[in-house]
There are 2 protein chains.
Amino acid sequence: MNAKDHARYETLAHVIKAMAHPTRLFLVEELSRGERCVLELTGMVRADVSTVSKHLAVLKAAAIVEGEKRGSNVYYRLKMPCVLSFFGCVENVIEASARERLGLVE
Amino acid sequence: MNAKDHARYETLAHVIKAMAHPTRLFLVEELSRGERCVLELTGMVRADVSTVSKHLAVLKAAAIVEGEKRGSNVYYRLKMPCVLSFFGCVENVIEASARERLGLVE
DNA sequence: TGGCGATTTGGCTATAATGCCAAATGTACA
DNA sequence: TGTACATTTGGCATTATAGCCAAATCGCCA
């Protein structure tokens, strides 16, 4: 793996890492239903407002969501709906491994 | 978000977190081309064998890859090729944000 | 302008992830 | 059986992440 490849994987990992947290996954899925402001999202999650704000900042830094300030609120929305395709794939992974454990295949 | 949902997001995050590392992304992509043993993979990466072995263990725990022991080697292969779809999506995200920064759109 | 609600930032602690080395394990084969 | 090779595991130091509180911003409106 050369330097250029390494940089590519760094960048890829940065975006995927932004998704790699339960709360942030929830935020992504919730935002896929429409824009929400920080307090609305905070009401759905067991965490401090500042924590939610920081999670949103992580998603924003990865260009997964964007926020628009209207009045004193910031409305976030999903910028890259394609990330939702992760959910289906990952749920396949989970089902498959559960099936494997139960059925003792292999 | 109730307890059941929370558990679901925990599980999803566990799998995605397994992908959220440059080296592990490389391993996934490399294994998509066919099975490889640990030393082969180590030769392609700037890291210790033990480090690569641990990365593979992470991917295996997430049911993304599987390993088969043949002789004294363990050959790993990609179990869930659907995760490759992450790459395309994530590269879109990256391109879009690059374009945005350059073109100052928005 | 003063104060209130919404959001972000700073700072701190606790926890988790990373990566190396060294040692242990497992397998083949002389 | 002993040695060499492949892989995994234990242990440790370093670094990154998470989450809370408190404080700082920002915008609105009386």
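Order of the sequence lines sets the chain letters (A, B, ...), proteins ahead of strands, with each chain counted from 1.
- Close to D:dT17, at under 4.0 Å from its OP1 or OP2, lies no side-chain N or O of A:H55.
- Between the P atom of C:dT18 and the CG atom of B:L59 lies a distance of 11 Å, rounded to the nearest Å.
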If the sugar-phosphate is the primed atoms plus P, OP1 and OP2 and the base is the rest, what is the B/S/- string for nucleotides 1-11 of chain C, using protein heavy atoms under 4.0 Å? ----BSSBBBB

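- Residue pairs meeting the ring pair (Phe, Tyr, Trp, His ring centres under 6.0 Å) criterion with at least one partner in residues 31-51 of chain B, sequence neighbours excluded, are absent.
- For residues 2-20 of chain A, the pairs satisfying salt bridge (charged side-chain N to carboxylate O under 4.0 Å, His left out) are A:R8-B:E29, A:R8-B:E91, with sequence neighbours left out.
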Check nucleotides 13-16 of chain D against the protein and report each pair of N or O atoms closer than 3.5 Å, with its distance, or say if there are none.
none

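- Per the geometry, CZ belonging to A:F26 stands 18 Å off C1' belonging to D:dA18, to the nearest Å.
- Applying the side-chain hydrogen bond (donor to acceptor under 3.5 Å, both in side chains) rule to B:D48 yields the partners B:S50; only residues at least two apart in sequence or on another chain are considered.
- Note on A:R24: only backbone sugar-phosphate atoms sit closer than 4.0 angstrom, heavy atoms only; bases stay farther off.
- Applying the side-chain hydrogen bond (donor to acceptor under 3.5 Å, both in side chains) rule to A:H14 yields no partners; only residues at least two apart in sequence or on another chain are considered.
- Residue pairs meeting the side-chain hydrogen bond (donor to acceptor under 3.5 Å, both in side chains) criterion with at least one partner in residues 34-43 of chain A, sequence neighbours excluded, are A:E30-A:R36, A:E35-A:R70, A:E35-A:R77.
- Within 6.0 Å of the CZ atom in B:R33, the count of heavy atoms belonging to other residues, nucleotides or ligands exceeds 12.
- In this view, B:V28 and B:M19, B:L59, B:I64, B:L78, B:V83, B:L84, B:F87 satisfy the side-chain contact (heavy atoms from CB on, under 4.5 Å) rule, not counting sequence neighbours.
- For B:F26, the ring-ring contact (aromatic ring centres under 6.0 Å, His included) partners at least two apart in sequence or on another chain are A:Y9.
- Near DNA chain C, meaning a heavy atom under 4.0 Å from it, residues 2-16 of chain A has no residue at all.
- Partners of B:A96 by side-chain contact (heavy atoms from CB on, under 4.5 Å), not counting sequence neighbours, listed by chain and number: A:M80, B:R99.
- Residues passing the side-chain hydrogen bond (donor to acceptor under 3.5 Å, both in side chains) test with A:H21: none are found, sequence neighbours excluded.
- In this structure, A:F86 and B:C89 have side chains that are in contact, with non-hydrogen atoms separated by less than 4.5 Å.
- One interatomic measurement links the two molecules: CD of B:E68 to C1' of C:dT27, which rounds to 15 Å at whole-angstrom precision.
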